Amino acid sequence: MIDLTLSYPVRSLDNKLLLPAGTKLSAEIINDLISEAGNVSYEKYSLLKHGTIEKDIPSFIAVPPYNVIFSDKEVIDDLLNFMGNVYLISPVIQSLDYFRENDSYTYRHILNVFALCVHISKVMMSDHWVRLNEAANGPMHDIGKICVPLNILKKASPLTHEERSILEHHSVAGYVLLSYYFQHQEDSFALVARDHHERLDGSGYPRGIKLNNNIVDIITVCDVFDALISDRPYRSAAYDNRTAIEVITEMGEKNSLNREVIKALVSFNRKVKTHYMVCKVSLEKRGKPPQYNSYGVFNDENN
Ligand SMILES: [Fe+2]
Ligand SMILES: [Fe+2]
């Protein structure tokens with residue numbers, strides 16, 4: 001079982017306290033939480049048919065760099081068709097509504113990561129059910145952000161160390177929330193939420209473990225890529241596609257992210273599509289990161 005203690009409470013969207021700060025996440029605690037949930041069975045909804053998602057996804061992937069990744073009409077049709085098979089339980093759908101209304105970046109990020117995961121898993125996973133499982137992780141990986149105050153999620157200036165730690169709480173919070181909603185100890189979606197900021201070389205959080213899970217590998221690459229190429233309040237501009245790919249390639253070289261998944265991402269970014277297995281990834285560095293970028297900078301350095 002995992003060795004983690006909650007630094008902050010985990011609350012559901014309807015403000016029910018699931019676990020207080022200071023809780024040590026043992027198998028027993030998670031089991032107690034699950035039995036407390038008392039066999040509730042949640043309605044499942046088609047993700048694509050919910051709210052404005054069926055319109056939003058095509059519009060999000062129509063702008064650079066996604067317009068190159070999804071340049072082919074056949075690819076888009078296949079993507080939407082596959083997405084139509086993804087059904088999610090009501091609390092997850094409600095979290096998407098929450099982000100759409102309160103934090104449009106996270107809403108867009110979740111759907112972009114979803115689209116990219118569906119596309120990458122198509123070339124890397126042959127089993128339909130494994131792929132569906134991978135796809136469903138996209139909309140759920142950041143669900144723990146419902147436990148992070150919006151003023152931190154949307155802060156334009158550098159975070160304090162305390163705010164950074166509250167932000168990082170989202171991975172463990174997601175693990176607790178999804179274990180609770182799926183009423184399952186070691187639920188696979190909960191594990192992805194918990195581990196999507198871990199890295200292959202152990203340089204991630206919350207535990208700093210060496211990631212060893214191909215489902216999480218795809219999510220982590222898609223997650224980092226979308227975070228880099230998206231407009232964020234804390235920097236002057238997004239990374240351009242070339243620089244983002246270079247940053248990710250370097251992370252692959254340092255054994256932080258999975259190189260096979262990076263190859264798939266790079267092959268999709270080329271105008272002439274080659275199979276990812278034969279795609280050669282350039283190690284040349286010519287891109288320039290955006291000038292003002294406060295990510296990783298703290299405003300209480302001396303504290
Ligand atoms: Fe995250
Ligand atoms: Fe994310």
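Note that ligands are numbered from 1 as they come in the structure, with each ligand's atoms numbered from 1 the same way. Being a predicted model, the structure only gives us computed values, none of them experimental.
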Practice item. Name the orientation class of the two ring planes belonging to H119 and F268 (parallel below 30°, tilted from 30 to 60°, perpendicular beyond 60°). Key: parallel
Review point. Given atoms OD1 of D223 and NE2 of H141, what angle do they subtend at the Fe ion (ligand 2), to the nearest 10 degrees?
Key: 100°
**Study point:** Sub-6.0 Å ring centroid separation between H141 and H109
**Key:** yes
Check your understanding: Of all N, O or S atoms in D142, which has the smallest distance to the Fe ion (ligand 1)?
Key -> OD1
Review point. Do the ring centers of Y181 and Y42 come within less than 6.0 Å of each other?
Key: yes
Exercise for review: Kindly say whether R199 contributes a backbone atom to a donor-acceptor pair with the side chain of S203 at under 3.5 angstrom?
Suggested key: no
**Study point:** Closest approach to the Fe ion (ligand 1) by H170, given as the N, O or S atom name
**Key:** NE2
